[in-house]
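The model shown is predicted, which means the values in this text are computed figures rather than measured ones.
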Number of protein chains: 2
Amino acid sequence: MPRAGTSANGRPRPATIRDVAERAGVSVATVSRILSGTYPSAPTTRGRVLRAVRELDYVANARARGLAGGQAKSVAIVVNSVISPHYAHVAQGVQDEAAREGRLCLVGTTGGDADRELATVQLMREEHAEAVILVGNIVVDDAYHERMAGYARALAAAGSQLVLCGRPPLGPDVPAIVVEYDNTAGAHAVTSHLLSAGHERILFLGRRAGYTTPDSRVAGYRAALAAYRVPHDPGLEVDGRMDRQEGYRMMRARLDEGPRDFTAVFACNDLIAAGARQALREQGLRIPDDISLAGFDDLPSAADIDLTTVHVPHEELGRTAVRLALHSETPGTVQHVMLGTHIVVRDSVRRRDVLSA
Amino acid sequence: MPRAGTSANGRPRPATIRDVAERAGVSVATVSRILSGTYPSAPTTRGRVLRAVRELDYVANARARGLAGGQAKSVAIVVNSVISPHYAHVAQGVQDEAAREGRLCLVGTTGGDADRELATVQLMREEHAEAVILVGNIVVDDAYHERMAGYARALAAAGSQLVLCGRPPLGPDVPAIVVEYDNTAGAHAVTSHLLSAGHERILFLGRRAGYTTPDSRVAGYRAALAAYRVPHDPGLEVDGRMDRQEGYRMMRARLDEGPRDFTAVFACNDLIAAGARQALREQGLRIPDDISLAGFDDLPSAADIDLTTVHVPHEELGRTAVRLALHSETPGTVQHVMLGTHIVVRDSVRRRDVLSA
DNA sequence: CTGTTAGCGCGTTCAC
DNA sequence: GTGAACGCGCTAACAG
């Protein structure tokens, strides 16, 4: 007869609810009820059961509970990488809200690879996560759309939820929750800020055609230029990925290329801004005295370098994703939330007339 | 009769192995065997089953599989916060290795709170994670030791593994795996580097009595001073937490306090170094021309500010933790691995004689 | 208030 | 090769 702590083959085995029941001299069902706490019970029985639980250091088997009861208590988040601050902050929001709701957090990373993403979503499906939250920037084409629609339908059919975080919606026929933030408005706002400070030649760092996030930010940039009736010079838009090295590279290359033909820089995100800033400083250019600089994201490090930037509610994004997913009245519905962004003015932008004065 | 996709109460329900069996006209056992792939089977049957799987978009229920079969395929990691770079990099290593081994990753955050840590470990125990990896800096006292020993024994009794990452071992009687890195040697190395460059008044930023990580680094710092027969001035050790704001605060306060009585700074980590650097530059002090600066961690951002620092193999730490936990011959054994650290020389330290010249 | 019974979805014996 | 039967640990009916 295997005892708690040892199975037939000698391998350690955790105590089960039956061990608790035996020790307390009650039935398994009673233990289950007392532990779930939703049923009335005699104080005596209750005490005996709780004591047995403590003595055996019993914890319920989540897998068995999930099988027997309803849904599992877990939320899945899928990101490119854990070490990118943008993702990390969203993930933190997901963690927070999941914990608040008593949910566990499953994390998967894709490295930006579509195959790994697919595999990860399948894995989360096997785990029966209540929701699968996909976060981040991505190329949107037909293949992507089809793939996401597939995820959404498969998850919905399994009573789960696909949540797209910081990605555009898929359409009315696809059951997914979308939690976005307003990239275009944010980019419009900073660009206007630069324009109203008298800057007309604004370098945009980090364009990347086909990727939703840079695309939307470029759009906001261009719209602001148009609103101010400032001619749009495509030569001021520099292609590059959204990390710090790229920011340095793009700025450095631009400075090496020839005479400086801009007075301000709008970096597609704070990482690029940080890299660009380093390149500028290395050339003896001061910010904001010689060059104005703005970013996007408002990561904590932005405050450290006094960067004027657009605040993205990263953690709120994660929290909202979880909240909507868990409290969705009718699972499998399409919902769309657009969170606001706002400009945070620090000290990296100067009026142009002050400069020329 | 509920079909796949719809249960009795109308709620969506994923396809089960039985649905696949029915559609393929075979028994559930056959489906199970074919999918596990370890059994011989008639090509015809095999084809029919695989087709049914595809048509139904079937994925096995991980919970049921875990219940029936052996272990679950998951590894748990518990950190203070996901947004701290140090933790994030270790987490990335855990993710990588877990994915390589076909394991899923459960993540819990504690915010540095012991109660939340306890709750999180219990949760991971319920999930039957193959290993629970606790990472990071912590106060080590008797209460801590007792708590960890409790975790270790409970996990071992359940056939799981406690892994301590970047924390000291608990003793020979406690079944835990410890994956450390050499804080003291690293601190000794940078301090020696500063000393051999002629610096004798080296400010240590980020002491925090009782916390293992700063304690070990202070120890290395002092040992190097002793080795160079440089008198140890406790007044050069400044207390503070390990983040950027603190680094700024400590440096700023020190500079405001009175005349500068040091020529070099050893920051307890790169975050502190970054903050201190900002404070120094604001006072017009150049690095390394006026002040030499060294850090600890070698985060990617250290390269951006040309910081001489100690390389910590963060991701290797995470990978090793997972590897040891999964391939431990005898679960519940005590193992101890100490990973090396090495100094990375960049451009934040200058010879003192050059300065005076 | 509590015990008994019947599954949850799957792997794994046994038989055929 | 394949099918029927049992059990993993637990919750949810249905009695009493």
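The phosphate of dG3(C) (OP1 or OP2) has a side-chain N or O of Thr30(A) nearer than 4.0 angstrom.
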Subject >> Where protein sits on nucleotides 8-16 of chain D, one letter per nucleotide: B base, S sugar-phosphate only, - none, heavy atoms under 4.0 Å >> reply: BBBSBB---
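For the residue pair His327(B) and Glu101(B), a side-chain donor N or O sits within less than 3.5 Å of a side-chain acceptor on the partner. Tyr87(A) and Asn80(A) share a donor-acceptor pair across their side chains, judged by distance under 3.5 Å alone. There is a side-chain donor-acceptor pair under 3.5 Å between Thr30(B) and Ser27(B).
Taking atom NE2 of His128(A) as the reference point, atom C1' of dG9(C) lies 9 Å away to the nearest angstrom. As a whole-Å value, the separation of Glu22(B) CD from dG3(D) C1' is 15 Å. In this structure, CD1 of Ile34(B) is placed 15 Å from P of dT12(C), rounded to the nearest angstrom. In this structure, Arg46(B) places its CZ atom 13 Å from P of dG1(D), rounding to the nearest Å.
At least one side-chain heavy atom of Arg46(B) sits under 4.5 Å from a side-chain heavy atom of Ser41(B). The shortest side-chain heavy-atom distance between Val75(A) and Gln95(A) does not fall under the 4.5 Å cut-off.
When the options Lys73(B), Arg103(B), Arg125(B) are evaluated for a salt bridge (Lys or Arg N to Asp or Glu O under 4.0 Å) with Glu130(B), the one that passes is Arg103(B).
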